[in-house]
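Following: one structure in structure tokens, then a few remarks.
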Amino acid sequence: MGQTLFDKIWDAHVVSSKEGFPDILYIDTHFIHEVTSPQAFDGLRQRGLPVFRPKQTVATADHNVPTWDQHLPIKEELSRYQVDMLTKNCAEFGIELYGLGHQYQGIVHVIGPELGITRPGCTYVCGDSHTSTHGAFGAIAFGIGTSQVEQVMATQCLLQQRPKRMKIEVNGTLQKGVGAKDIILYIISKISAAGGTGYFVEYAGDTIRSLSMEGRMTICNMSIEMGARGGLIAPDETTIEYVKGRKFAPQGEEWDKAVAYWKTLYSDNDAQFDSELYFDAADIEPMITYGTNPGMGIGITQHVPETASFEAKEQGSYAKALNYMGLHEDQSLLGKPIDYVFIGSCTNSRIEDLRLVADFIKGKHKADNVTVWVVPGSKQVQQQAIAEGLDKVFEAAGFPLREPGCSACLGMNEDKIPAGKYCISTSNRNFEGRQGPDSRTFLASPLSAAAAAITGKVTDIREFLQEEELVG
Amino acid sequence: MATKIFKHLQSSIVPLPIENIDTDQIIPARFLKATTRDGFGNNLFRDWRFDKEGNPKEDFVLNHPTYSGKILVAGKNFGCGSSREHAAWAIADYGFDVVVSSFFADIFKGNALNNGLLPIQVSDDFLKKLFDAVYADAHAQVEVDLDNQFIKIVNTGEQETFEINPYKKACLTNGYDDIDYILSNKQLVEEFEKR
């Protein structure tokens, strides 16, 4: 019987497999950041252990960093302390740090791919649930807790049970104005925030194939939002072209050898999955969430579901979510005024996202009632945006381009959405208080967020695109 | 380094019948700035537990004088979202030894087990029985036996067995640690690297 892509990579990384025990899985690269690492470094100190393979550990500061005046010391004392601790720990344990001010600094899941550290066939972990992003390259990548961060630091390995395998296939042509973010929000809305729990997902089908690497990263990034351990996409020419020539990508003979191996990385035709789901791209509208988990999403022209459509035991949680969001059942979100727009996060802060937004807003200006934050995913994205003149387009539209970091995705820095305010956000989570205590988040694509910034309310991007086609 | 040992417990329970409780609720991001593992219990369920002035919200179960105990019972898909282990630290630091739900998010479950906090997955039916029991009598006793892998409502005798990975069970009952285990296989790791 054939093997799934996931099993091929997993098997190639099993150090030891013993009945009744989880597998010892070898980790090629361990990404770390300032929030989930300090207690792990402390643990090593208490055990008197070094970092086993410091050269396979990559560090960056992202969660706490300000997005203005990054050249100044961090004002918020605890944030500064945590970032300083990372600097000290990396120096003590011999780990390369792309800290504040470094040309490679940025969100951990943005810098790995853009530096060519993320490659097909490898294993990646990080103390961050969105590590699933790296699966877009045909790699096994997943988030871990701090005890496991310590484990990987101490051993370069992780004790793991092999998860079940799920295939999600999307076929067909997407409507204009519908992109990767809409695809993944649609899938999660169909299978729920727990629908992928216990599984590792492989995304397949011609719609997925047609996506750029950045679109594929958006899809895999949100695998965790359906509860999946991770998501991956088989590498192809798009993948190979993306990795080629990047800073840490293999070169010369090593490159040829790597590519030859990458070409073996696909699920065999007769490979068995534990679950298979199929979706039609034509069914996908621009998506928006209305509730307090990413599974609570609808097509932008649909109405918030009726309470009666949920099972009795779920109705209490549903009512709580609508109450928090200040919405009611059967409501249309179109035309709902918003206060903030956040374009950023490890889901949608890459250069392609910024290009898409800049292209759309050129010659337009944001509505008066809206504050817009555009936060690039990395220093390199920021510099690229400036080199292409996107910063000027953003500036003219009232969308100042900030400096890189996780920012208002989770508001560990100063970028918080005030209580009661509505934010349309390209990030990955609409949990209660996620963007600041009592803030209210609508998740959507970069294009939908940009359209909302221009009109000041929840807007169907397709109307804009039609109009522009008529004029153009 | 030994983790906390867990074998057996009898306690009243704290009911939290909400589904999809994410780790941002268990411990909001703004409380993740500490660099040690201690003290997170003070901010467990911070925004559900306290108002903006820091006063306890009377309607939240942890502030309710009626309910107490070392077992937290919550709705399905508990611990979804962020991988932050701080959520498991906060629950354990507050004084819970066991969390019961009809479904756990994977990363949370792993984090809990690595910190001596036992996540017990029960059927929807048994979860309802637990809620019914605590709402009928706030002091209803529940027994958890890890050796024999069952959870039991003491006064009704209703019980259900639960699953746990045998290795993880051995870790909890003996205080083993994953790092000790992998380091005992260090030679295999080095051989793997030479392949």
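Chain naming here is simple, since letters A, B, ... match the order of the sequence lines and numbering starts at 1 in each. Here the structure is a predicted model, which is why all the values come from computation and not from measurement.
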Quick one: which of [options] has the most heavy-atom pairs under 4.5 Å with chain B, could you say?
options                        : answer
A/P163, A/G316, A/S79          : A/S79
A/G436, A/C157, A/S129         : A/S129
A/L49, A/T292, A/V14, A/V15    : A/V15
A/G433, A/G295, A/G227, A/G198 : A/G198

Per-residue contact mode, [X] against chain A (heavy atom under 4.5 angstrom):
X      : answer
B/K76  : side chain
B/E193 : side chain
B/R195 : side chain
B/E190 : side chain
B/F108 : neither

From [atom1] ([X]) to [atom2] ([Y]), nearest 0.5 Å:
X      : Y      : atom1 : atom2 : value
B/I179 : A/F52  : CD1   : CZ    : 12.5 Å
B/K109 : A/Q161 : NZ    : CD    : 10.0 Å
A/N428 : B/S82  : CG    : OG    : 10.0 Å
A/M226 : B/C80  : CE    : SG    : 13.5 Å
B/K33  : A/N64  : NZ    : CG    : 5.0 Å
B/N20  : A/K320 : CG    : NZ    : 11.0 Å

Work out which heavy atom in [X] is nearest to a heavy atom in [Y]; give both atom names and the distance.
X      : Y      : answer
B/S83  : A/G127 : OG-C, 3.6 Å
B/D24  : A/F431 : OD1-CD1, 3.5 Å
B/P166 : A/G20  : CG-O, 3.9 Å
A/L410 : B/A29  : O-CB, 3.6 Å
A/A193 : B/N77  : O-ND2, 3.6 Å

Treating [X] as the side-chain partner and [Y] as the backbone partner, does any N or O pair qualify as donor plus acceptor under 3.5 Å?
X      : Y      : answer
A/Q82  : B/L32  : yes
A/Q39  : B/A34  : yes
B/Q25  : A/E432 : yes
A/S317 : B/E19  : yes

Got [X] and [Y] here, is their nearest side-chain heavy-atom distance under 4.5 Å?
X      : Y      : answer
A/P38  : B/R37  : no
A/V35  : B/R84  : no
B/W89  : A/T146 : yes
B/T35  : A/F41  : no
B/E85  : A/T36  : no
B/I107 : A/I224 : yes
B/Y167 : A/K18  : no
A/P22  : B/N165 : yes

| side-chain contact (heavy atoms from CB on, under 4.5 Å), paired with A/T155, selected from B/N185, B/V189, B/I182 |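 Among B/N185, B/V189, B/I182, the one that satisfies the side-chain contact (heavy atoms from CB on, under 4.5 Å) with A/T155 is B/I182.
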Tell me, out of [options], who's got the most heavy-atom pairs with chain A below 4.5 Å.
options                     : value
B/T36, B/D124, B/T23, B/I21 : B/T36
B/I18, B/D47, B/D22         : B/D22
B/L183, B/N111, B/D178      : B/D178

With only heavy atoms counted, which part of [X] is less than 4.5 Å from chain B, the side chain, the backbone, both or neither?
X      : value
A/V149 : neither
A/A319 : neither
A/Y318 : neither
A/R434 : both
A/A419 : side chain
A/E34  : neither
A/M85  : side chain
A/I144 : backbone
A/L78  : both

| B/K52 bridged to A/D438 by N-O distance under 4.0 Å |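 A salt bridge is present here (some side-chain N lies under 4.0 Å from a carboxylate O).
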| Over 12 non-hydrogen atoms of neighbours within 6.0 angstrom of NZ in B/K57 |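 Above 12, so yes.
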| query | Counting only heavy atoms not in A/Y81, do more than 12 sit closer than 6.0 Å to its OH atom? | reply |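 Incorrect, the count does not exceed 12.
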| request: Give the ring-plane orientation class for B/F192 versus A/H13, where under 30° counts as parallel, over 60° as perpendicular and anything between as tilted. | output: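 Tilted: the ring planes of B/F192 and A/H13 meet at 30° to 60°.
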| message | Evaluate A/K313 against B/L127 for side-chain contact (heavy atoms from CB on, under 4.5 Å), listing each step before the verdict. | response | CA-CA 11 Å; A/K313 70 184 178 68; B/L127 190 71; over 6 Å; no
